[in-house]
Amino acid sequence: MSTATPPRTVATVTSERGELVLQRRADGALELRVNGVFVMDTAQTSTERALAHAALDLERPHRVLVGGLGLGFTTAELLRDPRVRSVLVAEIEPAVLVWMTDGTVPGGVQVVSDDRVRVQLADVRDVVADQAPGSLDAILLDVDNGPDFLVLDGNAGLYREAFVRTCLVRLRPGGVVVIWSSTESPDLESALAHAAGSYTKRCHQVDLAGRLETYTLYSVTRSDL
Ligand SMILES: C[S@@+](CC[C@H](N)C(=O)[O-])C[C@H]1O[C@@H](n2cnc3c(N)ncnc32)[C@H](O)[C@@H]1O
């Protein structure tokens with residue numbers, strides 16, 4: 001018989017996309033689930049932070065767009081670097097912003113109240129489309145578990161060639177689009193190669209409470225245009 005302590009629900013909300021649950025596990029970590037599917041936790045955040053570093057590796061990471069906010073680790077990592085002047089965060093779930101603002105997520109308020117941060121409650125597709133051509137240094141996309149393990153079916157288009165092209169146009173030459181994925185995805189690789197000519201793939205091994213997984217960060221650079 002298992003003696004594992006079940007997680008304790010910290011907050012829950014139902015939106016038009018389904019049920020969001022923030023729960024506290026026995027190991028003390030907070031975990032975000034959407035429609036019962038694991039989205040992220042506060043115990044293993046190395047790839048959320050590595051996503052930020054893909055922008056910080058640029059010589060000039062001044063203006064960055066992040067999709068989505070989640071529990072704020074990518075955005076917090078960007079803010080540690082004084083070269084970052086503005087971070088526009090697209091977040092589709094209003095409850096996530098509330099939990100980051102009202103103290104439910106420890107440290108959240110420092111992230112969202114930083115003068116350089118603006119959170120727009122909208123689909124990242126629309127937020128990207130609204131940006132002026134050539135106006136961003138990096139677009140960092142971590143809105144779902146990747147194209148082959150979607151939490152929200154409506155996010156499938158974010159991993160296709162047309163949206164990657166839309167992102168590339170919003171970058172200044174030399175800027176990067178970086179996409180987090182829980183799996184290596186041949187379809188995404190093909191979309192990136194068609195949109196940008198080439199792509200870079202970095203695989204990160206992560207330890208999820210004793211279970212090893214490999215997450216992938218894909219990036220493309222706006223070269224000439
Ligand atoms: C994995 S979490 C992001 C984790 C984040 N990188 C961090 O460091 O905490 C995914 C977030 O994207 C949001 N999201 C999902 N689909 C979205 C979309 N189409 N546009 C904007 N945000 C979206 C979810 O509500 C969730 O907060």
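Just so you know, ligand 1 is whichever comes first in the structure, and atom 1 is the first atom listed for that ligand.
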* To do: For Gln23 and Arg8, run side-chain contact (heavy atoms from CB on, under 4.5 Å): C-alpha distance rounded to whole Å, both residues' side-chain angles, the deciding distance at 0.1 Å, then the answer.
  => CA-CA 5 Å; Gln23 54 190 26; Arg8 178 178 61 81; over 6 Å; no
* Asked: Any donor-acceptor pair under 3.5 Å linking the side chain of Arg83 with the backbone of Leu56?
  -> yes
* Structure fact -> Looking only at heavy atoms, the pair that brings Ala50 and His204 closest together is CB-CE1, 3.8 Å
Which N or O atoms of ligand 1 sit under 3.5 Å from a protein N or O, and how far apart is each pair?
from	atom 1	to	atom 2	distance (Å)
ligand 1	6 (N)	Thr74	OG1	2.9
ligand 1	6 (N)	Asp142	OD2	2.8
ligand 1	8 (O)	Phe73	N	3.0
ligand 1	8 (O)	Thr74	N	2.8
ligand 1	8 (O)	Thr74	OG1	3.1
ligand 1	9 (O)	Leu69	O	3.4
ligand 1	9 (O)	Leu71	N	2.9
ligand 1	9 (O)	Gly72	N	3.0
ligand 1	9 (O)	Phe73	N	3.4
ligand 1	16 (N)	Asn155	ND2	3.1
ligand 1	19 (N)	Asp123	OD1	3.2
ligand 1	19 (N)	Asn155	OD1	2.9
ligand 1	20 (N)	Val124	N	2.9
ligand 1	22 (N)	Ile92	N	3.2
ligand 1	25 (O)	Glu91	OE2	2.6
ligand 1	27 (O)	Gly70	N	3.2
ligand 1	27 (O)	Glu91	OE1	2.7
ligand 1	27 (O)	Glu91	OE2	3.3

* Counting distance only, does the side-chain N/O of Asn35 pair as donor-acceptor with the main-chain N or O of Arg17 below 3.5 Å? -> yes
* Flag, side chain of Ser181 to backbone of Thr183, donor-acceptor distance under 3.5 Å -> yes
* To do: Return each pair, listed once, that meets salt bridge (charged side-chain N to carboxylate O under 4.0 Å, His left out) where at least one residue sits in residues 147-158; pairs must be two or more places apart or across chains.
  => none
